[in-house]
Colleague: 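Mind looking over this structure? Questions follow.
If you read the sequence from its start, that first residue is 1, and numbering goes on from there.
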Amino acid sequence: MMLPEGNQSIIPTFILLGFSEYPTLQVPLFLVFLSIYMVTTVGNLGMIIIIKINPKFHTVMYFFLSHLSFVDFCYSTVVTPKLLENLIVEDRTISFSDCIMQFCFACLFGVTETFMLAAMAYDCFVAVCNPLLYTTTMSQKLCTLLVAGSYSWGIVCSMTLTYFLLALSYCESSIINNFICDHSVIVSVSCSDPYISQMLCFIIAVFNEVSSLMIILMSYILIFITVMKMPSASGHRKTFSTCASHLTAITIFHGTILFLYCVPNPKTSWLTIKVASVFYTVVIPMLNPLIYSLRNKAVKDTFRRLVVAKLLCHLI
């Protein structure tokens, strides 16, 4: 990657402090995060395989869910391996290019997930409010466009913010008091004025959060109005049960984002920020497949059949 002119001879390196201020917790944290990453990998990749092999899941909802699982797996893989490495090695340095690449891909998958959840909310709205037109409205072409649009906008946001980060100057060595190369911590160690980069990041973040939440809120307000007009209580329960998993995933995802970025508090400690960041980048990718699978009998049955078939193959 090219550095700004005048800084060509300097190759910056960053030191990710992570949780180094708690030396006695390094091994326990490593085991916890390793377990989470294994569950994340098995859960998300398993969900993709289950959706692919079972014709029952070849529907719009599971089409979106398979891409959500892919995004969660990629997002976790961008962040967690470096976190695990820093918990067991003394040298916590990360090169400038690796730090920028980590931010670039984390931004890409984070933005993509934001709009993937919004697309799933729209799918729920059409399914509940216009069931007779569902097949026509949620055509394969529209679903493909919604997914492609989520990835494309994630790439645009990521490339734009990365470009402006590369335009900044950096000192030869800087300490980052976090475990991830987030935009805020990268600009904080810049030796030049990061105002433009910070403002651009703020504008993009606000636009993404407001636009996706507007789609989600409008979808669920209309769903709620439609459900309240239903005469039977069983209809209420069935509809809310269908949307419960998605609502849970949205609440956890956007609740964490709002806590981290949209409710600034100067008294918030670095430890609180790190714990919230862990939840956002490491824990949530594990929770999504669990949320969708634990409430779905068909998914659990397919998973059991896969496990039994695997065991039989080993026995034979």
Side-chain angles (χ1 to χ4, degrees), residues 59-69 71-72 75 107-134 136-139 142-154 156-158 201-230 233 235-265 276-277 279-281 283-285 287-292 295-296:
T59 62
V60 172
M61 183 182 79
Y62 288 103
F63 172 72
F64 287 127
L65 184 54
S66 63
H67 282 280
L68 182 67
S69 295
V71 169
D72 279 331
Y75 193 19
C107 178
L108 190 163
F109 293 120
V111 173
T112 301
E113 177 154 356
T114 301
F115 286 95
M116 200 74 72
L117 288 170
M120 294 172 75
Y122 178 71
D123 174 57
C124 287
F125 155 71
V126 177
V128 174
C129 301
N130 297 293
L132 297 178
L133 299 175
Y134 180 78
T136 306
T137 305
M138 297 304 294
S139 63
L142 176 63
C143 294
T144 303
L145 285 173
L146 289 173
V147 169
S150 298
Y151 284 112
S152 299
W153 182 241
V156 169
C157 292
S158 176
C201 181
F202 175 77
I203 291 168
I204 290 174
V206 170
F207 172 79
N208 289 343
E209 192 65 12
V210 171
S211 58
S212 61
L213 279 178
M214 283 295 292
I215 295 170
I216 292 167
L217 288 174
M218 286 303 298
S219 296
Y220 276 101
I221 287 171
L222 293 172
I223 287 171
F224 181 78
I225 293 171
T226 302
V227 169
M228 288 299 100
K229 291 179 180 178
M230 292 180 179
H236 294 180
R237 286 194 299 271
K238 183 178 179 181
T239 304
F240 282 128
S241 177
T242 302
C243 299
S245 297
H246 185 242
L247 267 174
T248 304
I250 286 172
T251 303
I252 295 171
F253 182 79
H254 284 282
T256 308
I257 292 176
L258 292 172
F259 173 79
L260 260 178
Y261 300 108
C262 301
V263 191
N265 184 352
S277 298
F279 193 79
Y280 176 61
T281 59
V283 178
I284 287 179
L287 291 179
N288 281 343
L290 296 178
I291 290 169
Y292 283 98
R295 294 181 57 85
N296 194 309

Colleague: In Å and rounded to the nearest 0.5 Å, what is the CD1 to CE distance from I223 to M228?
Modeller: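 So the gap between those two atoms works out to 12.0 Å.
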Colleague: With rounding to the nearest 0.5 angstrom, report the CD1 to OG1 distance, I284 to T256.
Modeller: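 Here the interatomic distance stands at 4.0 Å.
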Colleague: Mind listing the side-chain donor-acceptor pairs of residues 113-133 below 3.5 Å, one per line with the distance, residues two or more places apart or on another chain?
Modeller:
| from | atom 1 | to | atom 2 | distance (Å) |
| --- | --- | --- | --- | --- |
| E113 | OE2 | N288 | ND2 | 3.0 |
| T114 | OG1 | G110 | O | 3.0 |
| D123 | OD1 | Y134 | OH | 2.4 |

Colleague: Rounded to the nearest 0.5 Å, how far does OH of Y62 lie from NE2 of H67?
Modeller: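 These two atoms lie 15.5 Å from each other.
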Colleague: Shortest non-hydrogen contact from L247 to T251?
Modeller: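 Looking at all heavy atoms of both residues, the shortest contact is O-OG1, 2.7 Å.
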Colleague: How many angstroms lie between CG in L142 and CG in L146, if you round to the nearest 0.5 Å?
Modeller: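 Taking CG in L142 and CG in L146, the distance rounds to 4.5 Å.
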Colleague: Side chain to side chain contact (heavy atoms under 4.5 Å, CB included) with V206: which residues, sequence neighbours excluded?
Modeller: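 With neighbours one apart ignored, the set is F202, V210.
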Colleague: Looking at CD1 of I204 and SG of C107, how far apart are the two atoms once the value is rounded to the nearest 0.5 Å?
Modeller: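 Result: 7.0 Å between the selected atoms.
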Colleague: How far apart are the C-alpha atoms of Y75 and L108, what are their side-chain angles, what is the distance that settles it, and do they pass the side-chain contact (heavy atoms from CB on, under 4.5 Å) test?
Modeller: CA-CA 9 Å; Y75 193 19; L108 190 163; over 6 Å; no
Colleague: Hey, could you give me the CG/CG distance between L287 and D72, rounded to the nearest 0.5 Å?
Modeller: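 Nearest 0.5 Å value for the CG-CG distance: 9.5 Å.
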Colleague: Could you check F253 against I250 for side-chain contact (heavy atoms from CB on, under 4.5 Å), going step by step and ending with a plain yes or no?
Modeller: CA-CA 5 Å; F253 182 79; I250 286 172; 5.9 Å; no
Colleague: In sequence, state the C-alpha distance, the side-chain angles, and the governing distance for V111 and V156, and then conclude on side-chain contact (heavy atoms from CB on, under 4.5 Å).
Modeller: CA-CA 10 Å; V111 173; V156 169; over 6 Å; no
Colleague: Identify every side-chain donor-acceptor pair in residues 211-221 under 3.5 Å, counting partners at least two apart or on other chains, and give the distances.
Modeller:
| from | atom 1 | to | atom 2 | distance (Å) |
| --- | --- | --- | --- | --- |
| S211 | OG | F207 | O | 2.6 |
| S211 | OG | N208 | O | 3.3 |
| S212 | OG | N208 | O | 2.7 |
| S212 | OG | E209 | O | 3.2 |
| S219 | OG | I215 | O | 2.7 |
| Y220 | OH | H246 | ND1 | 2.7 |

Colleague: Could you walk me through whether F63 and V147 satisfy the side-chain contact (heavy atoms from CB on, under 4.5 Å) test, starting with their C-alpha distance in whole Å, then the side-chain angles of each, then the deciding distance to 0.1 Å, before giving a yes or no?
Modeller: CA-CA 9 Å; F63 172 72; V147 169; 3.5 Å; yes
